[in-house]
Amino acid sequence: MFTPNTLTNQTILITGGGSGLGLSMAKMFASLGADIAICGRTEEKLKEAVDVIRKEGEEADLKTDVRYYVVDVREYNRVRDMIESIVKDFGSMEGLVNNAAGNFLSASEDLSPGGFKAVVDIVLHGSFNCTHTFGNYLIDNKKKGNILNIVTTYAEGTGSAFVLPSACGKAGVLAMTRSLAYEWATYGIRLNAIAPGPFPTEGAWTQLLPTKKAEKKFLEKIPMGRYGKHEELASLAAFMMSDMAEYITGECVTIDGGEKLAAGQFNFIDSLMSRGKLKKVFRMMRGKG
Ligand code: HXC
């Protein structure tokens, strides 16, 4: 479906692009012709990531430019300066992926105000800071652009126990996505979101899965019986950033192997016995057993 030119002529900033899903998206976008800027707090990690993306690009004979910026997305002025530097370094900027996040497990009654603030600041204020400065750059320069926000499946509908700051922050990001998709459509700016289910990353897994038993339970919740692969999420993100998705805005696409459908009232029946035995019971219930 993709060609090596799918994202040519786009410079895309991926926040938190030094590791995890951010890095996977950066690699995918680079392989499809985009120039890549990544930002994060840890220079070492960013430098390594840039080296990896460049090396893969050279091996594939790509001419993509890749750079990193040491910036904490919580700091508005630093973010504004970074957007200015990206435009200066690359010549222009067309895309932003708000991927940087923070999260940890806590009983909500034990949260400190500082803990709540730290996560909401990264997730919601960080996404606002990047979106606001990038949006103003696009509007001032009469340029079209594209913003993709990485949320979670609990951003909408359910929320989630034990990750209250993340649930609040991500719900805010989703509200921002839809509000601005309408408000900024007139400027040719698209905003969409992706809600990933469980995609193993070192950051999320060490923060969010306390025991082996928790990991097993986590896996059992997924009807497809497996975690997501990074390429699957990165491919969806590439599509959303490409001209193929030109008419899509304000949308949130879930990619979770069916995990969020668990609330279906009779879904639990599947866990009572094997599918073969279940079918026999159903036949007996019809009087045909
Ligand atoms: C309770 C905690 C805590 C914890 C930190 N705090 N960790 N409280 N339990 N495990 C509190 C501190 O006591 C402090 O509050 C405040 O949070 C700030 O902590 P710092 O360490 O000083 O802040 P900072 O360096 O800014 O760290 C931010 C962070 C950290 C979010 C707390 O975990 C982080 O940097 N995470 C980045 C990586 C990450 O989380 N990746 C996972 C994203 S996964 P006081 O009151 O003492 O000031 C994701 C997807 C979810 O989001 C979907 C998964 C399926």
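Order of listing sets the numbers, starting from 1, for every ligand and every atom in it.
Looking only at heavy atoms of the protein, atom 36 (N) of ligand 1 is closest to Q207 NE2, 3.8 Å. Nearest protein neighbour of atom 54 (C) of ligand 1, counting heavy atoms only, is L208 CD1, 3.6 Å. With respect to atom 48 (O) of ligand 1, the closest heavy atom belonging to the protein is G114 CA, 3.9 Å. With hydrogens left out, the protein atom closest to atom 5 (C) of ligand 1 is F104 CE2, 3.9 Å, a heavy atom. Among all protein heavy atoms, the one lying closest to atom 50 (C) of ligand 1 is N103 ND2, 4.1 Å. Scanning the protein heavy atoms around atom 13 (O) of ligand 1, the nearest turns out to be S112 OG, 4.5 Å. Closest to atom 18 (C) of ligand 1 among all protein heavy atoms lies A118 CB, 3.7 Å. For atom 35 (O) of ligand 1, the closest non-hydrogen atom of the protein is R41 NH2, 2.6 Å.
The environment of CZ in R275 is sparse: at most 12 heavy-atom neighbours from other residues, nucleotides or ligands sit within 6.0 Å. Enclosure of atom NZ in K144 is not indicated, since only 12 or fewer non-hydrogen atoms of other residues, nucleotides or ligands lie within 6.0 angstrom.
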Checklist entry - Does the salt bridge (Lys or Arg N to Asp or Glu O under 4.0 Å) test come out yes or no for K55 and E59, once each step is laid out? => result CA-CA 6 Å; K55 192 159 167 273; E59 278 164 14; 3.6 Å; yes
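Within the structure, the closest approach of R74 to ligand 1 falls below 4.0 Å when heavy atoms are considered.
No donor-acceptor contact under 3.5 angstrom links the side chains of Y137 and E84, judged on distance only. Between the side chains of N149 and T177, a donor-acceptor pair is found at a separation under 3.5 Å.
Distances from atom 28 (C) of ligand 1 to the heavy atoms of V123, I122, L209 put I122 nearest.
Listed by chain and number, the residues in a salt bridge (charged side-chain N to carboxylate O under 4.0 Å, His left out) with E44 amount to none (sequence neighbours excluded).
Closer than 4.0 Å to atom 10 (N) of ligand 1 lies at least one heavy atom of the protein. In this structure, atom 22 (O) of ligand 1 is not in close contact with the protein, since no protein heavy atom lies within 4.0 Å of it.
Applying the side-chain hydrogen bond (donor to acceptor under 3.5 Å, both in side chains) test to residues at least two apart or on different chains, the pairs with a partner in residues 201-214 are W205-E215.
The shortest N/O to N/O separation between S166 and ligand 1 does not fall below 3.5 Å.
For the side chain to side chain contact (heavy atoms under 4.5 Å, CB included) with M25, the qualifying choice from L236, L233, I12 is L233, the only one to do so.
With salt bridges taken as basic N to acidic carboxylate O contacts below 4.0 Å, none links R54 and E58.
Remark: ligand 1 atoms within the under-4.0 Å shell around heavy atoms of Y154 are 51 (C).
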